[in-house]
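Each remark here refers to the structure printed beneath this line.
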Amino acid sequence: RAYQNGWIDGFDMAGDEGRGTLKDFSYLYFEAKRRGIPTTSHAGERKLDVDDPYQDIFWALMLDVERIGHGTRVFDNNELAQLLLAQTIKMRKIVEVSLTSNLWTGIVPKDLAEHPFVKFLYKIIENPDAVVYDIDGQPQYLRDLNYVICDDDPHITGTVDQELLKLAAVLPSNQKQIQLKDIIANAYTAAAEFPRRTLWKVGLHNPIMAHRITYNQQHQAIETLYGH
């Protein structure tokens with residue numbers, strides 16, 4: 001009833017994944033789903049040297065959350081990560097990429113060019129038809145992943161606009177504008193696929209809403225940088 005009355009817009013979990021897993025709270029997700037409440041969760045925001053850094057991505061998919069916060073480990077170059085990536089694409093999940101936040105928490109190398117997501121983009125640039133295979137052995141195109149750029153917390157890491165410009169700085173010069181426009185388009189597509197209610201009551205820290213609210217600033221920044 002609280003959801004129907006607009007008092008609750010969604011259910012989310014965030015925090016240190018090392019202190020528990022989504023599996024521990026699966027009953028809450030099942031209850032939210034039963035009541036038709038949209039769900040999201042941080043997942044894959046872990047260092048590679050911990051035990052099972054992929055478990056929360058697995059459980060995010062098992063629990064059918066609409067959005068995966070960070071999802072950093074899903075971009076790793078190994079068999080398990082690629083299988084999880086394929087399932088993420090197949091299930092049309094939104095992955096919220098937070099570059100600066102990942103650097104500050106130390107889950108990726110300090111060089112942004114070495115961020116798994118940046119390497120993922122390079123794979124698409126080099127081969128637009130690159131695929132990964134899902135659990136049924138079916139190919140899923142990397143370009144079909146629904147990813148958006150998120151600031152995580154604009155008061156600490158900066159705005160989405162700034163995150164996009166940091167990303168552009170490590171992309172090939174002939175791809176900067178193309179990739180930024182694709183990312184912004186992804187955000188608009190994600191926003192269109194889910195009613196406003198499923199975007200939760202948040203401000204600019206929400207990646208989808210941030211793209212909707214600051215689109216003009218992003219477009220102007222791109223024009224300023226590249227003269228288009």
Side-chain angles (χ1 to χ4, degrees), residues 12-14 17 21-23 26 29-30 33 38-99 101-102 107-109 113-150 167 170-171 175 178-179 181-194 198 207-208 211:
D12 183 17
M13 285 193 64
E17 294 176 42
T21 70
L22 286 181
K23 180 182 178 182
S26 58
Y29 278 90
F30 290 140
K33 284 290 183 181
T39 58
T40 179
S41 178
H42 280 45
E45 189 188 8
R46 304 196 73 187
K47 293 182 179 181
L48 276 173
D49 59 359
V50 301
D51 291 336
D52 198 358
Y54 303 99
Q55 61 179 328
D56 273 354
I57 296 176
F58 171 80
W59 281 105
L61 295 173
M62 289 291 291
L63 296 171
D64 196 27
V65 303
E66 280 88 353
R67 291 166 30 200
I68 298 176
H70 294 278
T72 311
R73 298 274 65 96
V74 81
F75 299 109
D76 289 336
N77 188 27
N78 62 58
E79 186 175 353
L80 177 57
Q82 291 185 1
L83 178 61
L84 292 170
L85 175 59
Q87 290 301 115
T88 303
I89 297 170
K90 183 177 183 177
M91 297 174 71
R92 297 187 57 77
K93 300 306 178 186
I94 301 169
V95 179
E96 308 165 348
V97 179
S98 300
L99 301 171
S101 176
N102 292 166
I107 68 169
V108 298
E114 296 299 313
H115 193 291
F117 174 71
V118 175
K119 292 184 175 182
F120 165 82
L121 287 184
Y122 267 84
K123 289 181 182 179
I124 298 177
I125 292 170
E126 294 167 2
N127 180 11
D129 293 324
V131 300
V132 285
Y133 292 89
D134 62 33
I135 196 170
D136 298 316
Q138 297 300 310
Q140 303 293 331
Y141 288 99
L142 296 185
R143 64 174 184 258
D144 289 339
L145 180 66
N146 198 353
Y147 52 86
V148 297
I149 294 297
C150 176
L167 175 60
V170 295
L171 293 177
Q175 286 287 324
I178 295 172
Q179 294 302 319
K181 285 186 175 180
D182 284 349
I183 290 171
I184 294 172
N186 281 349
Y188 271 79
T189 299
E193 288 185 355
F194 296 95
T198 68
I208 300 175
H211 278 288

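- Judged by distance alone, the side chain of D56 and the main-chain N or O of L22 form a donor-acceptor pair under 3.5 Å.
- In this structure a side-chain-to-backbone donor-acceptor pair under 3.5 Å is missing from N127 to K123.
- Considering only residues two or more places apart in sequence or on other chains, A185 meets the side chain to side chain contact (heavy atoms under 4.5 Å, CB included) condition with none of them.
- With sequence neighbours left out, the side chain to side chain contact (heavy atoms under 4.5 Å, CB included) criterion links S26 to F30, L63.
- Listed by chain and residue number, V118, E126, L171, P172 satisfy the side chain to side chain contact (heavy atoms under 4.5 Å, CB included) test with Y122 (two or more places apart in sequence, or in another chain).
- Pairs engaging residues 72-88 under the salt bridge (charged side-chain N to carboxylate O under 4.0 Å, His left out) rule: R73-D76 [sequence neighbours left out].
- Every residue meeting the side chain to side chain donor-acceptor pair (under 3.5 Å) condition with K119, not counting sequence neighbours, appears here in chain and number order: E114.
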* Asked: Should K23 and Q55 be marked as a side-chain contact (heavy atoms from CB on, under 4.5 Å) after you check the CA-CA gap, both sets of side-chain angles, and the distance that decides it?
  -> CA-CA 9 Å; K23 180 182 178 182; Q55 61 179 328; over 6 Å; no
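- Residues forming a salt bridge (charged side-chain N to carboxylate O under 4.0 Å, His left out) with D52 (at least two apart in sequence, or on another chain): none.
- Sorted by first then second residue, the ring pair (Phe, Tyr, Trp, His ring centres under 6.0 Å) pairs that include residues 124-143, not counting sequence neighbours, number zero.
- Between the side chain of R143 and the main chain of P128, a donor-acceptor pair closer than 3.5 Å is present.
- Partners of K33 by side chain to side chain donor-acceptor pair (under 3.5 Å), not counting sequence neighbours, listed by chain and number: E66.
- Residues meeting the side chain to side chain donor-acceptor pair (under 3.5 Å) test with Q140, sequence neighbours left out: D134.
- Using a 4.5 Å cut-off on side-chain heavy atoms (C-beta onward), I183 and L167 make contact.
- Evaluation of the side chain to side chain donor-acceptor pair (under 3.5 Å) rule for D144 yields no partner, not counting sequence neighbours.
- For residues 44-63, no pair satisfies ring pair (Phe, Tyr, Trp, His ring centres under 6.0 Å), with sequence neighbours left out.
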* To do: Carefully, step by step, assess R46 and T72 under the rule side-chain contact (heavy atoms from CB on, under 4.5 Å).
  => CA-CA 8 Å; R46 304 196 73 187; T72 311; over 6 Å; no
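- Residues that satisfy the side chain to side chain contact (heavy atoms under 4.5 Å, CB included) test with F120, not counting sequence neighbours, are F75, L85, F117, I124, L142, L145, Y147.
- Looking at D136 and K90, their side chains come closer than 4.5 Å, going by heavy atoms from C-beta outward.
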* Take E45 and S101 through the test side-chain contact (heavy atoms from CB on, under 4.5 Å) and record every step on the way to the result. => CA-CA 10 Å; E45 189 188 8; S101 176; 4.2 Å; yes
